[in-house]
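Here is the structure we will look at.
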Number of protein chains: 2
Amino acid sequence: MDQVNLKRLARELNLAPSTVSRALSDSYEISAETKERVLALAQQLNYQPHPYARSLRKRSSNTIAVMVPEIANNFFTLVINGIEEIAQAKGYHVLIYITHENHAKEAALVRHLLNGRADGVILSLSSQTQELSHLHELREAGIPLIFFDRVSEEIDTVKVTTNDQESGYLATRHLIEKGCKDIIYLASSAHLSTDQLRWQGYKAALEDNGIEVREERTLLLGEENGSHFETLKKAFSGKTRPDGVFASVESLATLSYEVCEALGIHIPGEMKVIGFSNLRTASLLKPSLTTITQPAFEIGKEAATALFQSMGKNKAISKDRRIVLSSTLIERDSTASFPYKKKD
Amino acid sequence: MDQVNLKRLARELNLAPSTVSRALSDSYEISAETKERVLALAQQLNYQPHPYARSLRKRSSNTIAVMVPEIANNFFTLVINGIEEIAQAKGYHVLIYITHENHAKEAALVRHLLNGRADGVILSLSSQTQELSHLHELREAGIPLIFFDRVSEEIDTVKVTTNDQESGYLATRHLIEKGCKDIIYLASSAHLSTDQLRWQGYKAALEDNGIEVREERTLLLGEENGSHFETLKKAFSGKTRPDGVFASVESLATLSYEVCEALGIHIPGEMKVIGFSNLRTASLLKPSLTTITQPAFEIGKEAATALFQSMGKNKAISKDRRIVLSSTLIERDSTASFPYKKKD
DNA sequence: CTGTTAGCGCTTTCAC
DNA sequence: GTGAAAGCGCTAACAG
């Protein structure tokens, strides 16, 4: 129960604490014999150096922080998974913070990190965040920052993203190829880089196919407390309803399904839906579902790798690099009949 | 860029560092005027106390650790979400560790926490873990430990679980009521508390309904590298195949679906499947899916709340308490016809 | 009410 | 090759 620390090891071995410290860090100026003695006792007593004492002295915490807008979401979960994998391999510890899409929370949490708790930060912006002074402070404090997915051009650093504009283009074109003439875009935020790029892809695809881009066909469903179900119900009702939906996030794709079910609109017969999503239980899903899936795990690994590079000595490479991975369009065949033959 | 620390504040204010420290912690022995001056400057310079210096001195880290077997799983993700919510409200930081169902990793990670990095630990056992010396060491070091979901009776502490045995009973009875006469149980581990309890519920339900419990109807699909698809394909083929499946974990429910699709077995026509699962996209799922869903978010909140109680002064309440929440059986109506009426 | 001092456990000069 | 001493930034015990 009494702590095993350097002093205790030193006492039991008749050595000075400094010697023990050097032996444990395998310093070249310690005799092989002493090293062995020290290591043996350390192992026997299961000595663990006090992490915070060491951090205080060495001015580095062996810890990185990951900040995500939410976690009840397969995409961010998988990214965290990738980050943790790299960090664990490097012997680093991972702090998790959830901003709940809230700017004030994000800023407060970042400011908590200004004074040495973490050696680096990996962050995906909250949908509310527009003002970035907290991130500038972080950089001024010399703490490396890596963005992923929801990035900002205002800050020069590594940004790991997917080809959002291209994906938006392909998703929209896919709907057009399936016969849609009137496609609605469901946005979750007016500010997020991802949402803007996806929309630009949507717009370009419409234009390239001679379809008019109408303002009322972009629907912003971003507010936390908005009654999106009702809004969408209205948009999907009446003669002028769209025949295709492109949802910028998974939750809006889900919502579209629910609204269609409530209204008795058949998918994909009367309405085609495509959405960004990272579902991992494909075989449990309805065959009418088409998704754009981001390589989330790889994004996490890339971001962590980039962060560890930035935390190395040569900080030059962290300057405004851009890493773009490709999303995949996954189409569950909606026409193939299920291989069951009813026995009668 | 130069650090703002207590010494600097003290210098600029012509005070002693200790006075500044006391002013910032709102000590009763500091004059209102001094407090104001200190607070003003601290705010102006955006002073953040060095967390590790403070931890070193106060022998507490304001940090808790969460250790889960995997994270690419809705259940554990939601639990983490609940934990983070409570921790953030208390101003605590959350370290995440993933054991990848690996005993050695779990033990190594726990031992990293022995020396003050975290004030408490919330853990769900890896499926490989049987020997618990690392957890005994943790307790001997005086660090509170809370189990959730996958718990061990060997250690006296708070355990947050769901009513696994009852759920297993209800799930099995549900299949029997739907007409199943020959139900196979798919286990993911021979050791885990959850799996054992669910199986006991399964067994009891069969017995209560006069169905023989046959050993070959319990299939262990636990090995990481096992070719479970092939094993299951064999089990689902031939004259003697079961007519109901009870999967102890989501991945095995998914796998059952895939195998049935590959074999052309209709669900739920020829085979009924029920499984533990925490899917959050209900409307995207096939209507033939019936799940047992655990209140994951609440489990996380309960576990965190219990941990903070244990970390309080009166450690008595952390002695071997058991908190049992109830799972829900969610049946997606497999016979109800979709409200779409084809226009012809 | 405020200052002085000591020390948390570690690493790193600087001595010898 | 090893020891003594200082100090990372903070808080708490002891003065006054």
Side-chain angles (χ1 to χ4, degrees), chain A residues 1-39 41-42 45-63 112-119 141-142, chain B residues 1-39 41-42 45-63 112-119 141-142:
Chain A
M1 185 65 213
D2 19 54
Q3 292 302 318
V4 300
N5 51 25
L6 274 190
K7 221 199 286 187
R8 164 137 174 238
L9 291 185
R11 199 168 358 99
E12 301 207 5
L13 291 166
N14 269 323
L15 288 171
S18 53
T19 307
V20 178
S21 170
R22 276 179 286 220
L24 288 171
S25 57
D26 203 26
S27 162
Y28 67 97
E29 37 182 13
I30 300 293
S31 74
E33 194 208 327
T34 307
K35 278 184 191 169
E36 260 180 55
R37 286 210 306 143
V38 170
L39 231 65
L41 186 64
L45 297 183
N46 193 14
Y47 167 74
Q48 300 281 11
H50 190 113
Y52 298 155
R54 164 179 263 171
S55 293
L56 184 57
R57 186 59 230 247
K58 299 187 56 157
R59 324 190 130 281
S60 91
S61 62
N62 238 35
T63 302
H112 268 287
L113 300 176
L114 285 177
N115 219 329
R117 189 178 289 273
D119 298 337
Chain B
M1 186 65 213
D2 21 51
Q3 290 304 317
V4 300
N5 50 26
L6 275 190
K7 222 200 285 187
R8 165 137 174 235
L9 291 186
R11 198 166 2 97
E12 301 206 6
L13 290 165
N14 268 326
L15 288 169
S18 55
T19 307
V20 178
S21 170
R22 276 177 289 220
L24 288 171
S25 56
D26 202 27
S27 162
Y28 67 97
E29 36 181 15
I30 300 291
S31 74
E33 194 207 328
T34 307
K35 276 185 193 169
E36 259 180 56
R37 286 211 304 142
V38 170
L39 232 63
L41 186 64
L45 296 183
N46 193 14
Y47 166 75
Q48 301 282 7
H50 190 113
Y52 298 154
R54 165 179 261 171
S55 294
L56 185 58
R57 184 62 230 244
K58 300 188 56 158
R59 326 189 124 280
S60 90
S61 62
N62 239 34
T63 302
H112 267 289
L113 300 176
L114 286 177
N115 220 329
R117 189 178 289 273
D119 297 338

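Chain naming here is simple, since letters A, B, ... match the order of the sequence lines and numbering starts at 1 in each. This structure is a prediction, so every number in the text was calculated from the model and none was measured.
- Proximity of a side-chain donor or acceptor of A:Ser61 to a complementary backbone N or O of A:Arg117 within less than 3.5 Å is detected.
- Atom-to-atom, CZ of B:Arg8 to P of D:dG9 comes out at 12 Å; the value is rounded to the nearest Å.
- In this entry the distance linking CG of B:Asn62 with P of D:dC10 reads 15 Å, nearest Å.
- Residues from residues 10-20 of chain B that place a heavy atom under 4.0 Å from any atom of DNA chain D, listed by number: B:Ser18.
- Remark: P of D:dG7 and CG of B:Leu56 are 17 Å apart, rounded to the nearest angstrom.
- Distance CG/A:Asp26 to CG/A:Leu39: 8.0 Å, rounded to 0.5 Å.
- Near DNA chain D, defined here as any heavy-atom distance below 4.0 Å, there are no residues from residues 27-39 of chain B.
- In this model, the phosphate group of C:dC8 is not approached by any side-chain N or O of B:Arg59 to a distance below 4.0 Å at OP1 or OP2.
- B:Ile30 CD1 to B:Arg37 CZ: the interatomic distance, rounded to the nearest 0.5 Å, is 11.5 Å.
- Nearest nucleotide to the B:Leu6 side chain, out of C:dC10, D:dC10, D:dG9: D:dC10.
- Taking only side-chain nitrogens and oxygens, A:Arg54 comes nearer than 4.0 Å to OP1 or OP2 of C:dT11.
- Residue A:Tyr47 places at least one side-chain N or O under 4.0 Å from the OP1 or OP2 atom of C:dC10.
- One atom, OH of A:Tyr52, and another, P of D:dT11, lie 15 Å apart when rounded to the nearest Å.
- When atom types are taken as modelled, the side chain of B:Arg54 and the backbone of B:Pro49 share no donor-acceptor pair closer than 3.5 angstrom.
- Across the protein-nucleic acid pair, A:Gln3 atom CD and C:dG9 atom C1' stand 10 Å apart, rounded to whole Å.
- In this structure, CZ of B:Arg57 is placed 6 Å from P of D:dA12, rounded to the nearest angstrom.
- Rounding to whole angstrom units, NE2 of residue B:His50 and C1' of C:dC10 are separated by 13 Å.
- Separating the CG atom in B:Leu9 from the CG atom in B:Leu24 is a distance of 7.0 Å, to the nearest 0.5 Å.
- Between A:Asp26 atom CG and D:dG1 atom P the separation is 13 Å, expressed in whole Å.
- Distance check: B:Asn115 CG to A:Asn5 CG gives 8.0 Å after rounding to the nearest 0.5 Å.
- For the residue pair B:Gly116 and A:Tyr52, the shortest heavy atom distance occurs at O-CE1, 3.4 Å.
- Applying the 3.5 Å distance criterion, the base of D:dG3 shares a donor-acceptor pair with the side chain of A:Arg22.
- To the nearest 0.5 Å, atoms CD (B:Glu36) and CG (B:Leu41) are separated by 13.5 Å.
- For B:Ser31 (side chain) and B:Thr34 (main-chain N/O), a donor-acceptor pair under 3.5 Å exists by modelled atom type.
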